[in-house]
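Accompanying notes for the structure given below.
Numbers for residues simply follow the sequence, beginning at 1.
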Amino acid sequence: MKKPVNFTIFASGNGSNAENIIRYFADPSRGGATPLVVSNRREAGVLDRASRLGVKARHLPSSSFRNPEELLPLLRSHDTDVIVLAGFLLMIPDWLIKEYEGRIVNIHPSLLPKFGGKGMYGAHVHEAVKAAGETETGITIHHVTTLCDEGAPIFQARVDLSPSDTPADIERKVHALEAKHYPRILEETFISSRS
Ligand code: GRF
């Protein structure tokens with residue numbers, strides 16, 4: 001049996017995506033594992049969720065995410081193959097993108113390139129979708145580059161919106177898509193495709 005693909009998750013917030021990924025890969029037959037969750041916010045809900053699920057959860061100050069001498073040994077000590085961003089609000093530095101080339105992914109809660117870029121995260125995205133009167137929205141899972149929300153897309157899924165949907169309704173619809181697809185797309189991209 002092949003060694004599992006290790007997904008280290010970077011997250012800054014609530015952590016529903018992180019929890020879904022941890023639960024999905026808790027089944028060893030899927031060939032993946034989540035050895036570590038790291039957050040730049042000490043109070044982030046994601047750290048509690050990870051600990052509750054038996055995954056090592058670490059807080060690192062934002063400056064440590066910019067320092068290769070601090071971050072790389074931690075990633076290597078958990079045998080990290082892929083870095084998964086799940087609501088992570090810091091930009092990824094160039095040296096980390098080079099070190100993990102093609103192996104850093106993000107999920108964005110809109111149909112990029114629409115509603116992406118600086119300042120477009122969380123509720124801001126759903127409010128902008130509402131204000132623009134969109135009839136659909138969705139999710140984009142994409143490779144990460146140094147440019148915000150601009151890496152090559154791996155997968156998109158869409159959902160219809162009705163004129164009465166509030167930003168909170170839109171967020172709920174988007175979270176449902178995230179739960180349905182993010183873990184599965186990680187599996188397809190990094191595990192099923194292994195020769
Ligand atoms: C998600 O909507 C994700 O698309 C975006 O940030 C949000 C994180 O939510 N990148 P959660 O912390 O996983 O609940």
Side-chain angles (χ1 to χ4, degrees), residues 7-24 34 37-53 55 57-63 65-66 83-93 104-186:
F7 298 103
T8 284
I9 299 176
F10 288 4
S12 305
N14 173 38
S16 68
N17 281 284
E19 176 158 355
N20 291 331
I21 292 163
I22 293 167
R23 288 185 184 280
Y24 189 83
T34 319
V37 171
V38 199
S39 180
N40 62 314
R41 286 184 53 232
R42 192 185 296 281
E43 70 285 7
V46 69
L47 293 176
D48 295 331
R49 289 189 194 242
S51 306
R52 233 185 304 120
L53 293 163
V55 168
R58 283 280 306 266
H59 163 253
L60 282 186
S62 297
S63 58
F65 285 89
R66 293 189 285 272
I83 297 171
V84 177
L85 310 186
F88 185 63
L89 296 180
L90 303 179
M91 290 302 292
I92 300 297
I104 309 180
V105 281
N106 182 42
I107 187 163
H108 185 81
S110 76
L111 294 168
L112 290 175
K114 282 183 156 186
F115 307 104
K118 207 162 182 284
M120 277 293 164
Y121 61 90
H124 300 297
V125 176
H126 310 304
E127 281 156 13
V129 166
K130 173 73 187 171
E134 296 288 304
T135 56
E136 64 170 11
T137 189
I139 58 167
T140 305
I141 297 169
H142 64 94
H143 289 288
V144 172
T145 67
T146 48
L147 300 175
C148 186
D149 297 329
E150 290 199 15
I154 299 169
F155 174 84
Q156 290 191 310
R158 345 175 74 83
V159 63
D160 288 335
L161 298 178
S162 77
S164 63
D165 280 336
T166 64
D169 296 326
I170 298 173
E171 184 170 18
R172 258 191 301 281
K173 288 183 173 181
V174 167
H175 270 308
L177 287 182
E178 292 178 339
K180 181 168 175 201
H181 296 292
Y182 204 12
R184 183 181 67 76
I185 294 299
L186 292 174

- [ ] Would you please test His143 and Ile104 for side chain to side chain contact (heavy atoms under 4.5 Å, CB included) and show each step?
- [x] CA-CA 6 Å; His143 289 288; Ile104 309 180; over 6 Å; no
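- To the nearest 0.5 angstrom, Arg49 atom CZ is 9.0 Å from Arg23 atom CZ.
- Ile92 approaches Thr146 most closely through the heavy-atom pair O-CG2, 4.1 Å.
- Interatomic distance, Asp169 CG to His126 NE2, rounded to the nearest 0.5 Å: 11.5 Å.
- Contact of the Ser39 side chain with the His59 side chain is not registered, since no non-hydrogen atoms from C-beta on lie closer than 4.5 Å.
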- [ ] Evaluate the criterion ring-ring contact (aromatic ring centres under 6.0 Å, His included) for residue pair Tyr24 and Tyr182; output intermediate values, then yes/no.
- [x] CA-CA 10 Å; Tyr24 189 83; Tyr182 204 12; over 10 Å; no
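- Judged purely by distance below 3.5 Å, without hydrogens or angles, the side chains of Arg184 and His181 pair a donor atom with an acceptor atom.
- The two residues Ala86 and Ala11 have their closest heavy-atom pair at O-CB, 3.2 Å.
- Looking only at atom types and distance, the side chain of Thr140 has no donor-acceptor partner in the side chain of His142 under 3.5 Å away.
- Looking at Leu186 and Val105, their side chains come closer than 4.5 Å, going by heavy atoms from C-beta outward.
- Pairing each heavy atom of Val46 with each of Ala18, the nearest pair is CG2-CB, 3.5 Å.
- Contact between Lys114 and Ser110 at its shortest, heavy atoms only, is O-OG, 2.6 Å.
- When all heavy atoms of Asp149 and Gly117 are compared, the pair lying nearest together is OD2-N, 2.8 Å.
- Counting only distance, with no hydrogens or angles, the side chain of Glu43 and the backbone of Gly13 share no donor-acceptor pair below 3.5 Å.
- Rounded to the nearest 0.5 angstrom, Asn106 CG and Asn17 CG are separated by 9.5 Å.
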Open item on the list: Val84 vs Phe10, test: side chain to side chain contact (heavy atoms under 4.5 Å, CB included). Steps then yes/no.
Closed with: CA-CA 6 Å; Val84 177; Phe10 288 4; over 6 Å; no
TODO: Evaluate side chain to side chain contact (heavy atoms under 4.5 Å, CB included) for Glu178 paired with Asn20, printing each intermediate quantity in order.
DONE: CA-CA 9 Å; Glu178 292 178 339; Asn20 291 331; 5.9 Å; no
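- Using a cut-off of 4.0 Å between Lys/Arg side-chain N and Asp/Glu carboxylate O, Asp165 and Lys173 are scored as salt-bridged.
- Remark: Lys130 NZ is packed, more than 12 non-hydrogen atoms of other residues, nucleotides or ligands lying under 6.0 Å away.
- For the atom pair Leu85 CG and Ile83 CD1, the distance stands at 7.5 Å (nearest 0.5 Å).
- More than 12 non-hydrogen atoms from other residues, nucleotides or ligands lie less than 6.0 angstrom from CZ of Phe155.
- The structure places NE2 of His108 at 8.0 Å from SG of Cys148, a figure rounded to the nearest 0.5 Å.
- Distance CG/Asn14 to CD/Glu19: 9.0 Å, rounded to 0.5 Å.
- Under the 3.5 Å distance criterion, the side-chain polar atoms of Arg58 are left unmatched by any main-chain donor or acceptor of Val38.
- For the residue pair Ser51 / Asp48, no side-chain donor-acceptor distance below 3.5 Å is found, with atom types taken as modelled.
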